[in-house]
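Being a predicted model, the structure only gives us computed values, none of them experimental. Per chain, numbering begins at 1; letters A, B, ... match sequence-line order.
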Protein chains: 2
Amino acid sequence: MELSQRKEKILAAVVEHYIKTGEPVGSKTLLSALDITVSSATIRNEMAELVAFGYLEQPHTSAGRIPTNEGYRYYVDHLMGVRPLDESVKRQIEAGVSLKNASPEAILAKASEFLADMTDCAAVSTTPSGENATIKRVEFVPVGTRTGMIVLLTSTGVIKSKVCRSDVDLNSSMIEKFYNIVKSSFLGLPLDEIDTATLQTLVASMGMDALTMIPFVSAVADLAQEAMQTMVMLGGQSNILRYREDYGTTAYELMDFLRRGEPISQLLANSKEDFDVKIGGENKYKQLENSSVIMAHYNIDGDNRGSIGIIGPTRIDYASLIPSVRYLTNLVGELLTQTLNDD
Amino acid sequence: MELSQRKEKILAAVVEHYIKTGEPVGSKTLLSALDITVSSATIRNEMAELVAFGYLEQPHTSAGRIPTNEGYRYYVDHLMGVRPLDESVKRQIEAGVSLKNASPEAILAKASEFLADMTDCAAVSTTPSGENATIKRVEFVPVGTRTGMIVLLTSTGVIKSKVCRSDVDLNSSMIEKFYNIVKSSFLGLPLDEIDTATLQTLVASMGMDALTMIPFVSAVADLAQEAMQTMVMLGGQSNILRYREDYGTTAYELMDFLRRGEPISQLLANSKEDFDVKIGGENKYKQLENSSVIMAHYNIDGDNRGSIGIIGPTRIDYASLIPSVRYLTNLVGELLTQTLNDD
DNA sequence: AGTTAGCACTCAACTTAAAAGAGTGCTAAC
DNA sequence: GTTAGCACTCTTTTAAGTTGAGTGCTAACT
């Protein structure tokens with residue numbers, strides 16, 4: 001649906017004013033905010049048409065207009081000014097995500113926390129997916145008579161480790177056996193091929209050694225699983241209370257939804273664009289029906305590997321937050337590429 | 001302040017009724033809840049005295065009574081029935097914290113999450129403190145041309161690891177040097193003696209090798225720091241919304257407070273009893289003035305090493321939640337002792 | 001001295017009515 | 001196509017009663 005230039009101006013003004021104040025916008029308010037020399041009656045006529053088109057709605061007969069989800073959508077797609085990010089804001093973001101010598105998890109946790117603080121929204125991020133990775137290396141480090149640490153390195157540079165307890169005292173022949181198993185059965189294997197079925201056949205093939213080796217083998221499998229799964233890092237849940245009125249009764253449901261991780265992971269993974277905005281009911285989840293999600297995806301070695309996003313009320317300040325989320329996400333992508341590549 | 005038996009009965013009834021309903025309790029309501037054969041007028045007289053003593057208060061002249069913090073305190077200290085935990089609840093708790101082969105962090109995170117779900121409160125726990133621990137062992141595992149993983153084991157059984165990136169390609173002489181430094185300067189050292197000052201003198205003493213060794217040495221120091229610090233595991237923030245009315249305007253402040261970790265860590269560490277209940281303003285933090293904290297401490301090898309607690313409104317169900325928190329905490333203590341001891 | 005019936009009193013909470021005000025839609029003129 | 005003007009709608013605010021739960025006090029009773 002194409003709109004006349006004047007209608008676009010009016011729609012943009014309504015959206016921006018409503019985002020700022022949270023109050024329905026009337027024709028007179030609009031008149032003074034707009035640099036158009038028409039009367040309020042004309043604006044009323046225009047607004048009536050915008051209601052008919054489905055871009056605006058009235059809470060009740062004698063109130064001003066508020067944007068519908070479609071109105072926000074049109075605004076985001078066509079009207080929103082994409083002013084470049086302030087240098088000072090860039091500087092601030094750079095300072096916020098700079099973490100030397102940290103794990104990807106720590107970087108992303110920090111990024112979520114920082115983004116939440118900066119935007120006053122809840123923020124989420126997913127750790128790089130290990131979908132297409134293979135096992136590059138496995139090491140065993142004895143740390144006690146029965147305890148060792150297993151370290152797994154994937155082809156994508158992810159390093160995971162886990163303490164592993166043996167049922168019997170460790171000795172060098174056991175460790176040698178373990179390395180043999182690793183060599184013959186794990187190295188080079190895609191992470192997603194390590195399922196319970198393959199594990200069972202592997203254990204079955206070990207014969208006598210099965211019993212002592214099971215803790216080690218299953219630890220490797222656990223690590224592979226862990227390296228493959230994306231984790232969801234969550235920050236700023238408390239900010240949901242900040243916009244409590246806007247979320248209405250879904251505030252509690254929203255918090256609970258964020259806590260669950262899995263659906264968020266899917267939500268973020270489902271969009272393949274460079275960045276994406278989902279407004280209200282555009283999200284499939286009913287817990288998000290009063291929320292908008294602004295998300296961007298970071299690349300590692302050019303591959304789309306994870307996402308960072310914020311979740312706020314539908315009347316979130318799209319124009320200024322979208323660039324921030326994108327900038328931060330790119331920065332994190334660079335940082336992660338660096339972290340994961342210099343082995 | 002000693003109370004007559006009848007006053008105690010009345011106080012207990014008021015507390016329990018108010019905890020259940022959240023409404024001020026009147027003399028007639030009390031009459032039917034109590035198995036005392038007196039008139040409502042008598043109860044009114046008694047309640048008036050309880051108000052004078054500071055155990056009850058009236059929101060306004062013509063309302064029933066609600067307990068003051070002192071009232072809750074008297075109830076918790078003297079009146080609360082300590083009925084033993086239901087077998088089914090015990091079973092449920094046991095299932096909730098059983099985690100085989102997990103790290104202390106994972107165990108405590110799970111425990112917090114579970115406790116929050118079970119009690120409908122926010123739950124926190126602190127990881128074992130490494131205050132009196134020493135460095136028992138340090139290992140270096142090469143995983144790439146410039147990357148290695150450093151593994152640190154403390155005398156208390158805590159294992160921490162961290163990826164470490166060198167500025168130059170690794171070679172065996174560097175690794176040997178690293179192990180020499182570890183041997184001469186780190187092994188046996190109490191964790192809390194590794195501060196920046198000692199690090200600086202150490203680096204200074206390394207001469208030529210300083211530049212290449214700094215990443216390794218500081219990684220060890222980071223790990224020691226990490227092993228010493230207690231982490232705060234948080235669960236069920238969303239439950240704060242469940243009792244929103246009771247928290248009043250402090251709901252947001254409370255959520256923000258929980259997120260900060262550090263003050264909670266101190267709050268939990270400050271009580272040296274086996275278990276402890278802090279009611280409303282008894283907590284030093286004004287963010288907790290409408291909240292009560294029920295906490296218990298777990299022992300590892302008989303030493304008090306960390307805490308688990310729940311945070312709810314002051315009208316929390318003390319009688320049934322205190323035993324749950326204690327039981328769960330003991331269980332977690334056993335689990336951790338087991339996990340950290342079998343090296 | 002402790003208990004109780006009785007009653008006047010208080011005060012939040014609810015109900016109702018009226019008034020105010022913001023904003024609209026429509027009509028008729030420009 | 002635009003606009004002034006006006007009747008109309010519907011929320012919000014204010015005010016005034018009304019209700020009802022619960023109290024405190026007094027005077028009589030045990």
Practice prompt. Using only heavy-atom distances, decide whether a donor-acceptor pair under 3.5 angstrom links the side-chain of B/Arg65 to the base of D/dG24.
Written response: no
Discussion item. Is it the case that the base of D/dC10 and the side chain of A/Thr61 share a donor-acceptor contact (distance under 3.5 Å, atom types as modelled)?
Written reply: no
Write down the distance between [atom1] ([X]) and [atom2] ([N]), rounded to a whole number of angstrom.
X       : N      : atom1 : atom2 : result
A/Ile43 : C/dA22 : CD1   : P     : 17 Å
B/Glu23 : C/dA12 : CD    : C1'   : 12 Å
A/Leu31 : D/dT2  : CG    : C1'   : 13 Å
A/His60 : C/dG25 : NE2   : C1'   : 15 Å
A/Glu57 : C/dT24 : CD    : P     : 14 Å
A/Leu34 : D/dT2  : CG    : P     : 14 Å
A/Asn45 : C/dC30 : CG    : C1'   : 15 Å
A/Gln58 : D/dC10 : CD    : P     : 11 Å

Discussion item. Under a plain distance cut-off of 3.5 Å, with no hydrogens placed, do A/Asp317 and A/Ser320 share a side-chain donor-acceptor pair?
Written reply: yes
Look at the side chain of [X] and decide which nucleotide, out of [options], has an atom nearest to it.
X       : options                : result
B/Arg44 : D/dC6, C/dC7, C/dT4    : C/dC7
B/Thr42 : C/dT4, D/dC10, D/dT2   : C/dT4
B/Ser62 : C/dG23, C/dC11, D/dC25 : C/dC11

Item to complete: Would you check if B/Arg65 and B/Leu50 make a side-chain contact, meaning some heavy-atom pair closer than 4.5 Å?
Response: no
Fill in: B/Tyr327 side chain reached by B/Lys90 side chain, heavy atoms, under 4.5 Å
yes
Worksheet item: Considering every strand shown, what is the Watson-Crick or G-U wobble mate of C/dC7 when both distances are under 3.5 Å?
Response: D/dG24
Worksheet entry | Base-pairing mate for C/dC30 - Watson-Crick or G-U, with both contacts under 3.5 Å | D/dG1
Worksheet item: Between B/Glu46 and A/Ala41, who's closer to the 5' end of DNA chain C by nearest nucleotide?
Response: B/Glu46
Discussion item. Applying a 4.0 Å non-hydrogen cut-off, can you work out what B/Ser4 is touching in the nucleic acid: base, sugar-phosphate, or nothing?
Written reply: nothing
Worksheet item: According to a strict under-4.0 Å criterion, is B/Ser40 in side-chain N/O contact with OP1 or OP2 of C/dT4?
Response: no
Discussion item. Between B/Ser307 and B/His297 (side chain of the first, backbone of the second, donor and acceptor by atom type, cut-off under 3.5 Å), is there such a pair?
Written reply: no
Worksheet item: Any salt bridge between B/Arg259 and A/Glu113, counting N to O under 4.0 Å?
Response: yes
